[in-house]
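Below: one structure, written as structure tokens.
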Amino acid sequence: MDDLELIRIAKAIGDPTRFAILKAIASRGEISCGQLAELFPIAQATVSHHLNVLVNAGLVEMRKQGQHHYFRLQKTTLERFGSGLEQILSEPP
């Protein structure tokens, strides 16, 4: 994982609302955008925006079923992020 990927993921989880959304997805396995909107005191459009950032960072995967969009955690990305961050930070300057 290169520096740009690490930074994109760090920025995605650096926002407190996105981090809370990511935790909600992780704890439920899979959840729809509408269900997520019910959990947070923000508009569904705002939830969708945050989900877009998480998808673009590779942290969550979206599955469409009819009119509904379902999201689940991408554990592989988190594992790569942790390993990549550790490797980059342990390199000599």
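L85 contributes atom CG, which lies 13.0 Å from atom CD of E5 (distance to the nearest 0.5 angstrom). Atom CD1 of I31 and atom CZ of F71 lie 10.5 Å apart (nearest 0.5 Å). In this structure, the separation between OG1 on T77 and CE on M1 is 6.0 Å, given to the nearest 0.5 Å. To the nearest 0.5 Å, atoms CE (M62) and CG (N52) are separated by 8.5 Å. Atom CZ of R80 and atom OG1 of T76 lie 8.5 Å apart (nearest 0.5 Å). Atom-to-atom distance recorded for E30:CD and I25:CD1 is 10.0 Å, nearest 0.5 angstrom.
Using modelled atom types, no side-chain atom of T46 and backbone atom of I42 make a donor-acceptor pair closer than 3.5 Å. Under a 3.5 Å cut-off, the side chain of S32 and the backbone N or O of H69 do not form any donor-acceptor pair.
In this structure, the side chains of L22 and R18 stay at 4.5 Å or more apart for every pair of heavy atoms. When side chains are defined from C-beta on, V60 does not count as touching Q74, because their heavy atoms never get closer than 4.5 Å. Side-chain contact between Y70 and Q65 is present, with heavy atoms from C-beta onward closer than 4.5 Å. Counting heavy atoms from C-beta outward, C33 and H68 have side chains that stay 4.5 Å or more apart.
What you find for I9 and A57 is that their closest heavy atoms are CG1-O, 3.5 Å. Taking both residues in full, the closest heavy atoms of L59 and A12 are given as CD1-CB, 4.0 Å, listed atom of the first, atom of the second, then distance. Across every non-hydrogen atom of A24 and L36, the tightest pair is CB-CD2, 3.9 Å.
R8 meets the salt bridge (Lys or Arg N to Asp or Glu O under 4.0 Å) test with no other residue; sequence neighbours excluded. Under the salt bridge (Lys or Arg N to Asp or Glu O under 4.0 Å) criterion, R28 pairs with no residue, sequence neighbours left out. The side-chain hydrogen bond (donor to acceptor under 3.5 Å, both in side chains) search around S83 returns none, not counting sequence neighbours.
The hydrophobic clustering, which links ILVMFWY residues whose side-chain heavy atoms are closer than 4.5 Å, places F19 and F81 together. Both L78 and V55 sit in one connected hydrophobic cluster of ILVMFWY residues. Membership requires side-chain heavy atoms under 4.5 Å apart, directly or through other members. Note on L4: it does not cluster hydrophobically with I13, by side-chain heavy-atom contacts below 4.5 Å among ILVMFWY residues. Under the 4.5 Å side-chain heavy-atom criterion for grouping Ile, Leu, Val, Met, Phe, Trp and Tyr, L39 is connected to L54 within one hydrophobic cluster.
Other residues, nucleotides and ligands contribute at most 12 non-hydrogen atoms within 6.0 Å of the CD atom of Q67.
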